[in-house]
Amino acid sequence: MTATPVAPDKPQQSPRPAHDATLERRLRARGRRGRLDVRLSPYLYISPFFLLFLVTGLFPLGFTAWVATRQWNTITGDGGVAVCGATCGTTDPSVLANFQWVLHQPAFWDALRNSFSIFLISTIPQIVAALVLAAILDANLKAKTFWRMGVLLPYVIAPSAAAIIFSQIFSDQSGLINTFLGWVGISPVPWHANTLASHIAIASIVNFRWTGYNTLIFLAAMQAIPRDVFEASVVDGAGRVRQFLSVTIPMLRPTLIFVIITSTIGGLQIFDEPQMFTQGTSGYGGPNRQFLTVSLYLWDLGFNHVSIGQPNLGRSAAVAWLLFLIVVVFAIVNFLLTRRIASAGGAHATKSRTKEVAR
Amino acid sequence: MSREVSVATLRQIGGNGVANAAARKRRLAVTSEGRRPGWVSYTILTVVILISVFPLYYAVSIASQATTDTQYGVPALRPGSGLFRNLSTAFGEIDFLTALGGTVLVSAVCAASTVLFSTLAGYSFAKLRFRGRGPLLFFVIGTMAIPTQLAVVPLYIMMARLHLFGTLWAVMIPGLVTAFGVFWMTQYLEGALPFELIEAARVDGASMIRTFWSVALPAARPAAAMLALFTFVAQWTNYYWPMLILGPNKNAMLTVAAAALKGARFTDYTLVMSGVVLTAFPLIVVFFFAGRQLVSGIMAGAVKG
């Protein structure tokens, strides 16, 4: 039997009588079994995850790439290599035809612009607000749990449900916000018809749901910061704001990177909110595509749009790949930027400390 | 210096009497144990909580109106008297019990499966050494950047081929494991489970699986509870995939049922909002009772890397 799972070839058991052959055999068998146990177990433990992940995550990845090159219909199935057609003036089948077709669509570019706009309007205020809220919650409040639960409450509301509620609050005719604006003498804002206004409204749904969640993630990380770092900063004469900027933020770096990257990934994929924000039945980002996002466009192309073109899963898959590339580029840019921003304020001592905490 | 030590320091300073009052005040100003937030903090928090609660209140308020012309009337800020009538109409129209059953089933199965498999894999990645560990872990974390949309088309085709279109199986299968779960458990176990503990169990003659079961699993409990709740909520509030794959079977899950009600009855906002209230209500009740654990769980299972 080995002593540790880390080093499988540890010395054998305590001295044993050489004459007892049965015992020796038994011990050796046990040792062999144990070594096998040590060597195989890790693979055994990760295999259920990887097997399921292979089916639901990896295989689809490759399959999307394949579908993206084909003309694939929800009803008739695979229809051969994709053709771009009149849009790009060629009827030759090509593996890139779906991508070409998508890049020729004004709707795609609208969707891309809207996705970025909504993502920026939601993510930046959300993370700033979450950081400030976390700093407030980090203090010695009365009834801590009450405040924390209150902040987290919107997290259990489904985005689709929140979108239906907010669609009413932001109703163009006599929504709550417009009524309120009327009281103070401001003319009603066309929250659904205007592009920027609809983005602000949708971003507020996103912020409603995620600010509290991110706050608690930040709060958890803040509580892991050793308190003597704060004390040292006070001895050095730092005020509360300075302390927040030069101690708390740099110490939160790993969490900050995590939150920003997950927000980016989620933010560029917004679907539920714009789909449910529509007043009426068509879930297609407003009459003039004011709040059509890339995800919504993808859905519409492959599953919703019923016309001469027919739902085309191939084009949908092409949009999915384009979205993936954008997300990856953004995640990398974000990672590099965040690393720089978060480390700018920190002294060397704090930096090494962060690593210690982050371990 | 740990937090406990700084508390002790504070006590000591406190014990030194009036002479040190200034120093004590200064110190108290920094540490969370002593920093007494002023009314500004409480005001900000109160506003935030009002914003958190208000949309729910507003939904209930619209759902309680007696008339159906709320769309063009004055915003319903005060609850009306039609709440129970509207709720029971919505209850019938979305076949609430079927939808609730489907949602509970999918959420529970996905949470259980994600937690079990993520803990197993996370334990391996955090505490066991094996060939290929680094690249595999890197790979898992890398896949977290893949948008769900990338898998939607092929999963749809797969489910159709397997004749699972419109069933709860099709909703459930893609949610059985998540890369995030593995990342989360790996992170947590790396910090929370000392190697010495595993070694001790091994020296005592425990097999690998026994060690996992009686040493790693108990140590993983706070983060596992957290992951279970996250997964449960994520599945419960999931709309995109169920909406796609359930097709005409719209009453099989709550989010889809509420959305379908909006699609079918969009002029009758009292009814649509009743549906939203009905579908949001169960999880709010759960949150009311489990919220304390949820909140303390986030604190325990902090993402540290």
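Just so it is clear, the model here is predicted, and its values are computed rather than measured. So that the names make sense, note that chain A is the first sequence line, chain B the second, and so on, each numbered from 1.
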* Measure A:Leu44 against the heavy atoms of chain B and call it side chain, backbone, both or neither at under 4.5 Å. => neither
* Asked: Using 30° and 60° as the class limits, which term best fits the ring planes of B:Phe230 and A:Tyr155: parallel, tilted or perpendicular?
  -> perpendicular
* To do: Before giving the answer on side chain to side chain contact (heavy atoms under 4.5 Å, CB included), spell out for B:Leu128 and A:Arg39 the whole-Å C-alpha distance, their side-chain angles and the decisive distance to 0.1 Å.
  => CA-CA 10 Å; B:Leu128 306 181; A:Arg39 208 166 308 147; over 6 Å; no
* Could you go step by step and tell me if A:Phe63 and B:Leu155 meet the side chain to side chain contact (heavy atoms under 4.5 Å, CB included) rule? -> CA-CA 9 Å; A:Phe63 199 24; B:Leu155 280 174; over 6 Å; no
* Asked: With distance as the sole test, does A:Thr64 use its side chain to make a donor-acceptor pair with the main-chain N or O of B:Pro154 at under 3.5 Å?
  -> no
* To do: With the side chain counted from C-beta on, respond yes when B:Tyr42 and A:Ile136 share a heavy-atom pair under 4.5 Å apart, and no when they do not.
  => no
* Asked: Looking at B:Leu56, B:Val53, B:Val152, which makes the most heavy-atom pairs under 4.5 Å with chain A?
  -> B:Leu56
* To do: Go through the structure and list residues passing side-chain contact (heavy atoms from CB on, under 4.5 Å) with A:Val328, not counting sequence neighbours.
  => A:Phe324, A:Ile332
* When B:Ile51, B:Val140, B:Thr279 are compared by non-hydrogen pairs under 4.5 Å with chain A, the top option -> B:Val140
* Backbone N/O of A:Ala158 and side chain of B:Thr237: donor-acceptor pair under 3.5 Å -> no
* Determine the interplanar angle of the A:Phe258 and B:Phe183 rings, folded into 0 to 90°, and report it as parallel if under 30°, tilted if 30 to 60°, perpendicular if over 60°. => parallel
* Asked: Looking at A:Gln275 and B:Tyr239, what are the two nearest heavy atoms and their distance?
  -> OE1-OH, 2.6 Å
* Using non-hydrogen atoms only, which part of A:Phe49 is less than 4.5 Å away from chain B: side chain, backbone, both, or neither? -> both
* **A:Trp72, part contacting chain B, at a heavy-atom distance under 4.5 Å** => side chain
* Structure fact -> In terms of heavy-atom pairs under 4.5 Å with chain B, the winner among A:Leu61, A:Val294, A:Thr262 is A:Leu61
* Asked: At a heavy-atom separation under 4.5 Å, does A:Leu153 approach chain B through its side chain, its backbone, both, or neither?
  -> both
* Exercise: identify the closest heavy-atom pair between B:Ile49 and A:Gly150 -> CD1-CA, 3.8 Å
* Structure fact -> Under 4.5 Å to a heavy atom of chain B? For A:Val156 that would be both
* **Largest heavy-atom contact set with chain A, pairs under 4.5 Å, which of B:Thr255, B:Val153, B:Leu244, B:Leu150** => B:Leu150
* Determine the option with the most heavy-atom pairs under 4.5 angstrom with chain A, choosing from B:Trp236, B:Phe117, B:Phe54. => B:Phe117
* Are B:Leu45 and A:Leu141 close enough, and set up right, to give a side chain to side chain contact (heavy atoms under 4.5 Å, CB included), and what steps lead you there? -> CA-CA 10 Å; B:Leu45 285 176; A:Leu141 291 163; 3.6 Å; yes
* Can you sort out the partners of A:Thr215 under side-chain contact (heavy atoms from CB on, under 4.5 Å), two or more places apart, ordered by chain and number? => A:Ala130, A:Leu133, A:Ala134, A:Leu137, A:Val151, A:Thr211
* Asked: So, do B:Met158 and A:Val55 sit near enough that their side-chain heavy atoms are less than 4.5 Å apart?
  -> yes
* To do: Using a 4.5 Å cut-off on heavy atoms from C-beta on, say whether the side chain of B:Met208 contacts that of A:Leu40.
  => no
* Structure fact -> Looking only at B:Phe212, B:Phe288, B:Phe139, most heavy-atom pairs under 4.5 Å shared with chain A are made by B:Phe139
* Asked: Any side-chain heavy atom of B:Met243 sitting closer than 4.5 Å to one from A:Asp272?
  -> no
* Under 4.5 Å from a heavy atom of chain B, the part of A:Phe330 involved -> neither
* **B:Val233 side chain near A:Tyr213 side chain, heavy-atom distance below 4.5 Å** => no
* To do: Classify the ring geometry between B:Phe130 and A:Tyr43 as parallel (under 30°), tilted (30 to 60°) or perpendicular (over 60°).
  => perpendicular
* Asked: Is any side-chain heavy atom of A:Gln269 less than 4.5 Å from a side-chain heavy atom of B:Tyr240?
  -> no
* To do: Looking only at non-hydrogen atoms, find the nearest pair between A:Gln168 and B:Met273 and report the distance.
  => CG-CE, 3.3 Å
* Under the 3.5 angstrom rule, does the side chain of B:Lys262 hit a backbone N or O of A:Ile164 as a donor-acceptor pair? -> no
* To do: Examine whether an atom of A:Val132 lies under 4.5 Å from a heavy atom of chain B, and if so say whether it belongs to the side chain, the backbone or both; otherwise answer neither.
  => neither
* Asked: Any side-chain heavy-atom pair from A:Ile165 and B:Val276 closer than 4.5 angstrom?
  -> yes
* Report yes if some heavy atom in the side chain of A:Phe53 is under 4.5 Å from a heavy atom in the side chain of B:Thr178; otherwise report no. => no
